[in-house]
Amino acid sequence: VGVRGCIYIEAFKQTHVKAALTGVNALGMGKWQQPMVPINEMADVLKVVSEPMAIKTHSWVRIKRGVYRDDLAQIDYVEHNQNKVVCKMLPRIDYKKVKSMYKDREPVQSRFRRSAKGRPAQKPV
């Protein structure tokens, strides 16, 4: 669980704690009030709480921020030392946006396309 918002100084005497707090302006109130930590809370103070990384290669994740928010990605490579992950993205295609782009466009007439009339009549010889 851990205890947050407190600074713990380990010392043999309270005078040593006061000497450690001199010169630190943010802890000026601590010069006069130094409550002792009860023995039953000592173990909780020293316990390090860490969550193991559950990210594995070839697993699927969902992007939380940026342009690709709420899109799926597959983890390609995990570098635990630098907290770095390389993903293969599967961006979603917004079909409404694509349809509206082509809806406003006029059909393109190719210069090689035959006209609706067909071929002209052959000249007599």
Does any non-hydrogen side-chain atom of His80 lie less than 4.5 Å from one of Val78?
-> yes
Less than 4.5 Å apart, any side-chain heavy atom of Arg92 and any of Asp70?
-> yes
Do you reckon Val67 sits in the same ILVMFWY cluster as Met89, going by side-chain contacts under 4.5 Å, direct or chained?
-> yes
Any side-chain heavy atom of Leu72 within less than 4.5 Å of one from Val61?
-> no
Hey, mind stepping through Asp76 and Thr57 against side chain to side chain contact (heavy atoms under 4.5 Å, CB included) and telling me if it holds?
-> CA-CA 6 Å; Asp76 190 34; Thr57 308; 5.6 Å; no
Heavy-atom pair of closest approach, residues Cys87 and Val85 | SG-CG1, 3.7 Å
Can you tell if the side chain of Asp71 reaches within under 4.5 Å of the side chain of Arg62, non-hydrogen atoms only?
-> no
Looking at NZ of Lys88 and OH of Tyr77, how far apart are the two atoms once the value is rounded to the nearest 0.5 Å?
-> 14.5 Å
Is the backbone of Lys64 close enough, under 3.5 Å, to the side chain of Arg69 for a donor and an acceptor to pair up by distance?
-> no
Considering only heavy atoms from C-beta outward, does the side chain of Tyr68 approach that of Leu90 to under 4.5 Å?
-> no
